[in-house]
There are 2 protein chains.
Amino acid sequence: MPTNYRATAEQLIRGTAQRVTNARIEVLATLLKADGAMSHGEIEAKLPRNSGIDRVTVYRVLDWLTTQNLAHKISGDDRVWRFNAATTAQSHQHAHFQCKCCARVICLDDFGTTTAPPLPAGYTSDEMDVTIKGLCADCAPGNPAHDASKHRHGLARRAGGLRR
Amino acid sequence: MPTNYRATAEQLIRGTAQRVTNARIEVLATLLKADGAMSHGEIEAKLPRNSGIDRVTVYRVLDWLTTQNLAHKISGDDRVWRFNAATTAQSHQHAHFQCKCCARVICLDDFGTTTAPPLPAGYTSDEMDVTIKGLCADCAPGNPAHDASKHRHGLARRAGGLRR
DNA sequence: GCATTTCGTGCAATGAAGTTGCGAGCGCGC
DNA sequence: GCGCGCTCGCAACTTCATTGCACGAAATGC
Ligand SMILES: [Mn+2]
Ligand SMILES: [Mn+2]
Ligand SMILES: [Zn+2]
Ligand SMILES: [Zn+2]
């Protein structure tokens with residue numbers, strides 16, 4: 001039997017000492033259940049039928065979860081924000097992978113070994129984003145399980161996708 | 001006296017053996033003149049008054065320049081594409097810097113020392129994006145020349161900006 | 001339990017960035 | 001110069017996301 005994601009989500013939200021609401025629980029539970037980062041649209045689609053949670057509320061909850069460090073926000077190459085539950089397992093700073101075919105985004109466990117290149121005089125930095133791009137296991141060439149239905153939202157179909 | 005960017009642009013475009021048009025020349029000249037990467041809106045604003053070049057044409061030209069490797073496309077954290085003229089000086093792969101205050105993007109000369117973290121089984125990668133974030137020289141705290149008018153398009157003012 | 005306060009939510013409107021379809025225009029090879 | 005085919009301008013459209021406002025529901029104090 002799978003973990004009770006709703007209960008876990010409620011625990012985490014209660015820990016913030018801010019208001020515990022159904023929308024916050026449902027959205028966080030959805031993120032906890034996911035294996036990769038989810039876009040707003042994907043999250044909305046996974047919410048329980050007739051939960052009555054509005055799209056705008058989902059946007060606001062995601063924003064709130066991010067400020068509470070219960071989720072983190074990833075900018076892909078398709079102008080879509082993606083989110084995932086922030087687990088303590090992964091280091092604060094870590095790289096991401098985005099599939100050029102299906103647009104799926106996953107968090108990697110850390111950076112590789114990385115030191116920033118030198119910046120121009122007067123510039124200061126405090127953060128680094130690393131995104132690896134390529135093909136995920138499902139989209140690997142020759143993969144028989146390569147299901148077209150999974151690729152509705154693929155970058156290849158999107159305006160200004162990953163081609164550079 | 002500054003370089004004649006229009007002439008340089010025309011040379012580069014003629015080199016592609018494709019059609020040399022005014023819109024292509026003007027857009028590329030604008031990119032050549034710029035010190036950092038430019039968004040579509042910034043480019044449009046810098047085009048000569050009454051050049052008569054349509055916004056859609058700018059989008060299409062930018063796309064074309066990218067396919068011709070005369071420009072390259074950068075995805076920032078504000079859902080806006082930025083472009084810069086591809087100089088042969090910079091290595092094909094290089095990191096970018098994005099200012100958290102004014103959203104300016106510049107290309108750095110290379111990556112630092114970076115090796116990708118391990119990917120899950122079945123995943124393959126062929127590309128890596130590195131974006132350093134922080135404050136540019138103009139936005140450095142205590143900079144007297146810190147001109148608010150430069151920050152109209154800053155990420156702090158944008159929805160879902162760089163805060164994470 | 002009940003009133004009060006404060007914050008969250010639903011709904012509708014709005015906004016920004018980018019894309020698409022199509023007829024007219026223009027570059028360039030002849 | 002002529003004609004073919006790529007390119008442009010214009011208008012409409014799409015997608016993702018944000019904002020304003022009135023209502024509703026958590027927490028807090030009693
Ligand atoms: Mn991540
Ligand atoms: Mn660059
Ligand atoms: Zn994939
Ligand atoms: Zn700046």
Side-chain angles (χ1 to χ4, degrees), chain A residues 10 13-28 37-45 47 50-68 73-83 103 152-163, chain B residues 10 13-28 37-45 47 50-68 73-83 103 152-163:
Chain A
E10 185 170 342
I13 292 166
R14 214 162 279 286
T16 66
Q18 300 219 51
R19 289 196 186 169
V20 178
T21 71
N22 183 53
R24 288 175 178 176
I25 294 171
E26 289 294 355
V27 171
L28 182 51
M38 299 180 80
S39 67
H40 171 274
E42 290 163 351
I43 293 166
E44 213 192 337
L47 290 175
N50 301 329
S51 70
I53 300 175
D54 189 77
R55 328 181 325 102
V56 176
T57 300
V58 176
Y59 278 114
R60 290 195 269 230
V61 166
L62 288 169
D63 216 37
W64 180 86
L65 289 171
T66 303
T67 67
Q68 300 299 315
K73 196 177 181 177
I74 308 163
S75 71
D77 257 12
D78 53 358
R79 302 183 10 98
V80 171
W81 294 113
R82 285 181 178 76
F83 298 83
R152 286 278 171 64
H153 303 289
L155 292 186
R157 289 181 46 99
R158 301 193 65 91
L162 278 180
R163 56 190 141 90
Chain B
E10 184 169 342
I13 292 166
R14 214 162 281 285
T16 66
Q18 299 220 47
R19 291 199 183 165
V20 179
T21 71
N22 182 54
R24 288 176 178 176
I25 294 171
E26 289 293 354
V27 171
L28 182 52
M38 299 180 80
S39 67
H40 171 273
E42 289 163 351
I43 293 165
E44 213 192 339
L47 290 176
N50 301 330
S51 71
I53 301 175
D54 189 76
R55 335 178 315 104
V56 176
T57 301
V58 176
Y59 278 113
R60 291 195 268 229
V61 166
L62 288 169
D63 217 36
W64 181 85
L65 288 170
T66 302
T67 66
Q68 300 299 314
K73 197 177 182 178
I74 307 162
S75 71
D77 256 12
D78 52 1
R79 305 183 5 102
V80 171
W81 293 112
R82 285 182 178 75
F83 298 83
R152 287 277 170 65
H153 302 290
L155 292 187
R157 289 181 46 98
R158 300 192 65 91
L162 278 181
R163 57 191 141 89

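From a predicted model like this one, the values you see are computed outputs, not experimental measurements. Order of the sequence lines sets the chain letters (A, B, ...), proteins ahead of strands, with each chain counted from 1.
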Euclidean distance, atom CH2 of residue A:Trp64 to atom C1' of C:dT9 [Å, nearest integer]: 15 Å
Under 3.5 Å donor-acceptor, A:Arg55 side chain and A:His40 backbone: no
Rounded distance in Å - CD (B:Glu44) to P (D:dG9): 11 Å
Residue met sooner reading DNA chain C from 5', once B:Val20 and A:Gln18 are mapped to nucleotides: A:Gln18
Donor-acceptor pair (no angle test) under 3.5 Å: A:Arg79 side chain, D:dC16 base: no
Quiz item: B:Arg19 side-chain donor-acceptor pair to D:dC6 base, under 3.5 Å: yes
Interatomic distance, B:Ile53 atom CD1 to B:Thr21 atom OG1 [nearest 0.5 angstrom]: 8.0 Å
A:Trp81 CH2 - D:dT18 P separation (whole Å): 8 Å
Comparing B:Val61 and A:His40 on DNA chain D - which has the more 5′ nearest nucleotide: B:Val61
Rounded interatomic separation in angstrom, taking CG from B:Asp54 and C1' from C:dG25: 14 Å
Touch class at under 4.0 angstrom, heavy-atom based, for A:Gly41 against every strand present: nothing
Check: A:Arg55 side chain, C:dG10 base, donor-acceptor under 3.5 Å: no
Straight-line distance of A:Met38 CE to A:Ile74 CD1, nearest 0.5 Å: 12.0 Å
Given DNA chain C, 5'-ward residue of the pair B:Arg60 and B:Arg14, judged by closest heavy atom: B:Arg60
Residue B:Tyr59, side-chain atoms from C-beta onward, closest of D:dA17, C:dG8, C:dT19: C:dT19
Spacing between B:Asp77 atom CG and D:dA17 atom P, to the nearest angstrom: 13 Å
From A:Tyr59 atom OH to A:Glu44 atom CD, the distance as rounded to the nearest 0.5 Å: 7.5 Å
Given D:dA17, D:dC8, C:dT9, the nucleotide with the shortest approach to the side chain of A:Thr21: C:dT9
Terminal axis angle for the helix from C:dG1-D:dC30 to C:dC30-D:dG1, five pairs an end, nearest 10 degrees: 40°
Spacing between B:Asp78 atom CG and C:dG18 atom P, to the nearest angstrom: 9 Å
Side chain to side chain contact (heavy atoms under 4.5 Å, CB included) partner of A:Val58, the single match among A:Val56, A:Leu62, A:Asp54: A:Leu62
Separation of D:dT15 C1' from A:Glu42 CD (nearest whole Å): 14 Å
Stepwise side-chain contact (heavy atoms from CB on, under 4.5 Å) test for B:Ser39 and B:Trp81: CA-CA 6 Å; B:Ser39 67; B:Trp81 293 112; over 6 Å; no
Whole angstrom value for the distance that separates C1' of C:dG8 from CG of A:Leu62: 15 Å
A:Thr16 OG1 to A:Arg24 CZ distance, which is reported to the nearest 0.5 Å: 7.0 Å
